[in-house]
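Here the structure is laid out as structure tokens; the discussion comes afterwards.
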Number of protein chains: 2
Amino acid sequence: MASENLTERQPDQTLGQLAYDSIRADILKGHFAPGSPLRLQALKERYGFSFSPLREALNRLQSEQLVVSYAARGFRVTEISTEEMWDAIDTRILIDCEAFRRSIRRGDDDWEGRVMGTFHALSRAFERNLELGAEVTEEQVHQLEDRHRAFHHALVSESGSNWMKVFSTQLYNQTQRYRWPYFSTRGGNVFLKKSYLAEHREIAERAVARDEEAAVALMAKGFRRTGEIIESLLKGEDETDRGT
Amino acid sequence: MASENLTERQPDQTLGQLAYDSIRADILKGHFAPGSPLRLQALKERYGFSFSPLREALNRLQSEQLVVSYAARGFRVTEISTEEMWDAIDTRILIDCEAFRRSIRRGDDDWEGRVMGTFHALSRAFERNLELGAEVTEEQVHQLEDRHRAFHHALVSESGSNWMKVFSTQLYNQTQRYRWPYFSTRGGNVFLKKSYLAEHREIAERAVARDEEAAVALMAKGFRRTGEIIESLLKGEDETDRGT
DNA sequence: AAAGCGCAGATTTTCGAAATAATGGGCGAA
DNA sequence: TTCGCCCATTATTTCGAAAATCTGCGCTTT
């Protein structure tokens, strides 16, 4: 009994928090598809919590726009669309580029170290997954996504603004929902992926060189380019669907 | 029985939603002071709801940074500080000015009408409260705040970006907590207040004249000036506290 | 046949209480 | 006296079930 507490539940970790983390991860992973209903009974069976912590988690996710609620008709995963994606990307350019700019100005050696360190880890995972090709495991795809997040977080981590951090995280989560099908694709365009990594390297290099304008411009360009890739991917899927 | 339902509960209004609206309003009003604990028993007595809808509301407010939660130690109203205020103002300048710029570009006649209309309503309430001086009722102070919100909302309402709208609203709420002691002050500096209104008039005029640069610059300046006024007010209070 | 009505089943929302965790005060040991 | 421990109290968190609400189907009526 006591050991259960120690292993299963971290300090400061309520079931509500756990439910929030789990559901959010499952939404970002795409386990719950955009637009699909989140039925309490189903969530209860999946996670083993009762309604209360689940509802608390859903209410938090609602405030973060990952979930929408309809009065007395429950919750659904927020829909995705090209328009929504571009809105998220445009707003992310606004927030993250400003936070990045400030970080370049304010960041110290330690920050530079985090930028290069997280980039290195990202590139390792990236290249490894690229080599593995279709052999890559789910776990390895997750690690790549985690390191991608860590890198982008490091870039903007010294903005000195709590609000930008909050908004940046929210928008990262939102855009991850779109990025996922791209990263997780077993096949994918190897050439595109390599240039994606090269872009990130350039951003990291310009950042530690304190080349504010170039670094920020590259970041904005990268966000837009990713958007374009996803857009064409989504369109391709639509056509495939129509074809079958 | 049926009439109770009709009067007390709007369609599509759950107790959770009602609790959310009520607690948020009470936080913004300052009824729950920054840093003060939000005990469930106390909230239950105040609003008459049971724990579940109250906790749902608190979880949503937590995601919006109006409330902080400590695992197994409940919720508190988020603290205020000069640093936090400037962070909120700076971020608001970033978001709202961009949203304003887009609205000036995209807004049609209807938008112009809303800008002028909400400004007119704001100025009426403003002048009325100024005349009333110390005689002004709580209700009238609320009306002024509501119209102030409506005006600022109108300015950025045609940005076409849902994310900017969400963030803008969040930051408006946050900054309202700081603005409140200023607006609600019975006495206050009449000269300052008049120039505050004049600034808003200028913004509205530049907006409908589609003078993007001037309008946006005025908005940013207004945000900063408000921040400076609040800052001096807060410092004054500190000194008063020390003096007594 | 189409539209309206009402009922049965499914689902969400809300409640009250049990379980769990934090707090503060008193007591004993160093 | 001061520190640390234990226990009673208080508050939060979680649960299971009751209440309220929605959904879809079949029936009746026009």
Side-chain angles (χ1 to χ4, degrees), chain A residues 1-24 26-27 32-33 35-63 66-78, chain B residues 1-24 26-27 32-33 35-63 66-78:
Chain A
M1 293 280 180
S3 71
E4 242 187 27
N5 253 358
L6 285 176
T7 53
E8 288 195 0
R9 215 172 323 158
Q10 322 293 4
D12 292 352
Q13 186 92 313
T14 62
L15 290 187
Q17 180 65 37
L18 214 63
Y20 168 78
D21 290 337
S22 311
I23 299 175
R24 186 181 61 179
D26 279 337
I27 290 173
F32 296 122
S36 64
L38 295 162
R39 297 242 171 65
L40 288 166
Q41 190 56 42
L43 296 176
K44 176 176 177 172
E45 274 153 22
R46 179 170 174 82
Y47 303 110
F49 312 137
S50 79
F51 290 168
S52 317
L54 291 172
R55 286 185 63 84
E56 289 185 13
L58 291 169
N59 273 287
R60 288 173 64 182
L61 293 165
Q62 179 191 5
S63 279
L66 282 174
V67 154
V68 287
S69 92
Y70 307 87
R73 276 182 294 152
F75 300 85
R76 281 171 177 272
V77 181
T78 304
Chain B
M1 293 281 178
S3 70
E4 242 187 28
N5 251 358
L6 286 175
T7 52
E8 287 196 358
R9 223 191 295 172
Q10 322 294 4
D12 291 351
Q13 186 92 314
T14 62
L15 291 187
Q17 179 65 36
L18 215 62
Y20 168 78
D21 291 337
S22 310
I23 299 175
R24 187 181 61 179
D26 278 337
I27 290 174
F32 296 123
S36 64
L38 294 163
R39 298 241 170 66
L40 288 165
Q41 190 56 42
L43 296 176
K44 176 176 176 171
E45 276 154 22
R46 180 172 172 79
Y47 303 111
F49 311 137
S50 79
F51 290 169
S52 317
L54 291 172
R55 286 186 63 83
E56 289 185 12
L58 292 169
N59 273 288
R60 288 173 64 183
L61 293 165
Q62 179 192 6
S63 279
L66 282 174
V67 154
V68 289
S69 92
Y70 307 86
R73 276 181 295 151
F75 300 84
R76 281 172 177 272
V77 181
T78 305

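Keep in mind that the numbers below use all heavy atoms, side chains included, and drop hydrogens, waters and symmetry copies. For clarity, every value in this text was computed on a predicted model and none was experimentally measured. Every chain is numbered from 1, with letters handed out A, B, ... down the list of sequences.
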Exercise for the section: Taking only the side-chain nitrogens and oxygens of Arg73(A), find out if one of them lies under 4.0 Å from OP1 or OP2 of dT23(D). Expected result: yes
Problem - Sub-4.5 Å side-chain heavy-atom contact between Phe51(B) and Gln41(B) - result: yes
Completion exercise
Here the distance between atom P of dT14(D) and atom CG of Leu18(A), to the nearest Å, is 9 Å
Handout entry: Spacing of Leu58(A) atom CG relative to dT11(C) atom C1', expressed in whole Å
Key = 14 Å
Practice task
Look up atom CD1 in Ile23(A) and atom OH in Tyr47(A), then write down how far apart they are to the nearest 0.5 Å.
Solution key: 5.0 Å
Problem - Integer-rounded Å distance: dG16(D) P and Glu45(A) CD - result: 13 Å
Problem - Nearest heavy atoms of Gly16(B) and Ala57(B), plus distance in Å - result: O-CB, 4.1 Å
Practice task
May I ask you to say what Phe51(B) touches in the nucleic acid, namely base, sugar-phosphate or nothing, with a heavy-atom cut-off under 4.0 Å?
Solution key: base
Problem - Closest to side chain of Leu40(B), choosing from dT11(C), dT13(D), dT13(C) - result: dT13(D)
Practice task
Compare the minimum distances between each of dA21(C), dA11(D), dT13(C) and the side chain of Phe75(A), then state the nucleotide with the smallest one.
Solution key: dT13(C)
Practice task
Measure the spacing between CD of Glu56(A) and CD of Gln62(B) and express it to the nearest 0.5 Å.
Solution key: 9.0 Å
Handout entry: Leu15(A) side-chain proximity, nearest of dT12(D), dT14(D), dG16(C)
Key = dT14(D)
Problem - Atom-pair distance (CD on Gln13(B); P on dA20(D)), nearest Å - result: 18 Å
Exercise for the section: From the options dC15(D), dT12(C), dT14(C), select the nucleotide whose nearest atom is closest to the side chain of Phe49(A). Expected result: dC15(D)
Fill in the blank from the handout: In whole angstroms, the gap separating P of dT13(D) from NZ of Lys44(B) amounts to 16 Å
Fill in the blank from the handout: Atom CG of Leu43(B) and atom P of dT13(D) are separated, to the nearest Å, by 12 Å
Problem - Rounded interatomic separation in angstrom, taking CG from Asn59(B) and P from dT12(D) - result: 13 Å
Exercise for the section: Would you kindly give the CD-to-C1' distance between Glu56(B) and dT13(D), to the nearest whole Å? Expected result: 14 Å
Handout entry: Within-4.5 Å side-chain heavy-atom neighbours: Leu58(B) and Leu40(B)
Key = yes
Practice task
Between Ser52(A) and Ala72(A), name the one whose nearest nucleotide on DNA chain D is closer to the 5' end.
Solution key: Ser52(A)
Handout entry: Arg55(A) side chain near dT13(C) phosphate (N/O to OP1/OP2, under 4.0 Å)
Key = yes
Practice task
State whether Ser50(B) places a side-chain N or O below 4.0 Å from either non-bridging phosphate oxygen (OP1 or OP2) of dC15(C).
Solution key: yes
